[in-house]
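All values below come from the heavy atoms of this structure, side chains included, with hydrogens, waters and symmetry mates left out. Order of the sequence lines sets the chain letters (A, B, ...), proteins ahead of strands, with each chain counted from 1.
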There are 2 protein chains.
Amino acid sequence: MMGMSLRHALLGLLADRPASGYDLIHRFKESLANVWPATQSQIYTELTKLADAGEITVSDEGPRGRKEYTITPAGLADLRHWLTEVAPKPITRNETLLRVFFLDALTPAEAITYLTTLESRSAAALAELLTLESAIDWTANPFSTNGHIALEWGKRFYRMNQEWAEWAKQQVT
Amino acid sequence: MMGMSLRHALLGLLADRPASGYDLIHRFKESLANVWPATQSQIYTELTKLADAGEITVSDEGPRGRKEYTITPAGLADLRHWLTEVAPKPITRNETLLRVFFLDALTPAEAITYLTTLESRSAAALAELLTLESAIDWTANPFSTNGHIALEWGKRFYRMNQEWAEWAKQQVT
DNA sequence: TCGTTCATGTAAGACGTTACATGATTGT
DNA sequence: ACAATCATGTAACGTCTTACATGAACGA
């Protein structure tokens with residue numbers, strides 16, 4: 001009972017509208033994949049737990065055993081509590097940066113290669129987000145404003161990374 | 001056998017110089033805490049595994065059961081392989097950003113409060129890094145160049161976050 | 001002598017990943 | 001008929017956190 005972010009991610013999606021586990025898997029892929037990836041296995045398991053805890057209920061059953069879940073008042077209260085009262089854990093683990101500490105174990109040329117790779121990967125990731133941004137109709141649904149704010153973070157993040165990697169190369173030289 | 005970053009973090013520190021588990025716990029706190037936190041429990045467990053795998057050896061034993069570990073050629077080869085051949089996993093899970101997707105479940109005023117809190121927390125974190133930066137003698141040890149490059153990343157990261165949060169508030173309004 | 005620091009280890013439980021397993025329904 | 005998609009679930013394994021447990025050595 002420490003992390004529980006997946007729990008609240010599911011509540012957040014169900015607060016928008018009811019959905020089945022199968023629906024939620026796809027909604028994760030579409031919108032949350034970049035900030036909180038989750039597997040099929042994890043989602044089904046967590047939905048069962050949430051139903052047991054009374055935060056969601058099976059509101060409808062369809063063909064092929066489909067179960068549609070709806071958020072309960074208790075679930076909504078939990079979501080709102082998490083959003084307003086619980087401080088988000090700052091990001092810590094960063095594999096990319098961890099390696100930077102050990103660049104001494106490489107030759108200067110190898111270190112430069114590492115940083116150059118980071119630079120171009122950031123550039124590629126940024127380009128991908130820009131493509132995504134222009135492909136989406138940002139006026140369509142209520143999620144879109146928030147989704148756009150999150151995407152803007154990504155753009156700034158990759159731009160920052162790219163510039164930093166370029167700067168870092170000069171430090172190593 | 002998927003993550004293994006702790007394994008390589010330990011190898012990286014031991015590549016600099018031999019150390020005991022106890023030493024490594026403190027070195028983690030000093031230098032790696034912000035990029036790859038590890039607990040006492042985890043470190044001792046992993047050192048035993050690394051010794052069993054032949055990547056490190058007990059090179060000395062001291063009072064109070066102290067065991068000093070030294071990296072082996074096999075361990076160094078593994079470290080270098082990890083640094084040059086294994087692509088670092090990009091950061092994904094971001095609790096702060098996850099919440100942004102669900103800001104609709106709050107009132108506009110509450111959403112603004114959330115973003116304002118992010119902004120001031122980023123500002124505080126940046127100030128802390130700037131203090132740290134001026135307190136350290138960056139010419140002292142070989143780790144310092146790399147440590148400084150990592151710290152610069154942190155500065156840019158928090159600055160970016162702060163500016164983004166400010167921008168995001170205007171979007172919500 | 002007595003508190004602090006040094007020093008190592010184990011156990012329980014949450015969370016995450018990968019793989020396995022099954023089957024109904026729909027469209028061609 | 002057959003393939004693709006819809007749809008849900010379990011098992012094994014690895015990592016991470018928290019807590020428990022123990023004791024030697026040092027300094028005042």
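Along DNA chain D, the nucleotide nearest Ile25(A) and the nucleotide nearest Gly65(B) are compared for position; the residue whose nucleotide lies closer to the 5' end is Ile25(A). For the pair Pro37(A) and Pro63(A), nearest-nucleotide mapping onto DNA chain C gives the more 5' position to Pro37(A).
Residue Arg64(A) places none of its side-chain N or O atoms closer than 4.0 Å to OP1 or OP2 of dA4(D). Side-chain N/O atoms of Tyr44(A) include one lying less than 4.0 angstrom from OP1 or OP2 on dT8(D). Residue Arg66(A) places at least one side-chain N or O under 4.0 Å from the OP1 or OP2 atom of dA7(D). For Tyr22(A) and dC6(D), the shortest distance from a side-chain N or O to OP1 or OP2 is below 4.0 Å. For Lys49(A), no side-chain nitrogen or oxygen approaches OP1 or OP2 of dA14(C) to under 4.0 Å.
Atom CG of Leu50(A) is separated from atom P of dA14(C) by 15 Å (rounded to the nearest Å). For the pair Glu61(A) CD and dA24(C) C1', the interatomic distance rounds to 15 Å; values are reported in whole Å. To the nearest angstrom, P of dT8(D) lies 12 Å from CG of Asp60(A). Leu47(A) places its CG atom 15 Å from the C1' atom of dT10(D), with the value rounded to the nearest Å. Distance CD (Glu68(A)) to C1' (dC6(D)): 15 Å, rounded to an integer number of Å. One can place CG of Leu6(A) at 10 Å from P of dT17(C), the figure rounded to the nearest angstrom. Rounded to an integer number of Å, the gap from Gln40(B) CD to dT8(C) P is 9 Å. In this structure, Lys29(B) places its NZ atom 12 Å from C1' of dT5(C), rounding to the nearest Å.
Judged by the 6.0 Å distance and 45° axis criteria, Arg156(A) is positioned over the aromatic ring of Trp167(B).
Residue Ile71(A) is tested with Leu76(A), Leu13(A), Leu10(A), Leu50(A) for a side-chain contact (heavy atoms from CB on, under 4.5 Å); the sole match is Leu76(A).
With hydrogens and angles left out, the side chain of Ser41(B) and the base of dT18(D) share a donor-acceptor pair within 3.5 Å. At a cut-off of 3.5 angstrom, the base of dT17(C) holds no donor-acceptor pair with the side chain of Gln42(A).
Within the 4.0 angstrom heavy-atom criterion, no nucleotide atom of any strand lies near Arg7(B).
The two atoms that bring Arg7(B) and Met4(B) nearest to each other are CB-O, 3.2 Å, heavy atoms only. Between Ile43(B) and Gly21(B), the closest heavy-atom pair is CG2-O, 4.2 Å.
Checked by atom type, the side-chain pair Thr107(B)/Glu110(B) shows a donor-acceptor distance below 3.5 Å.
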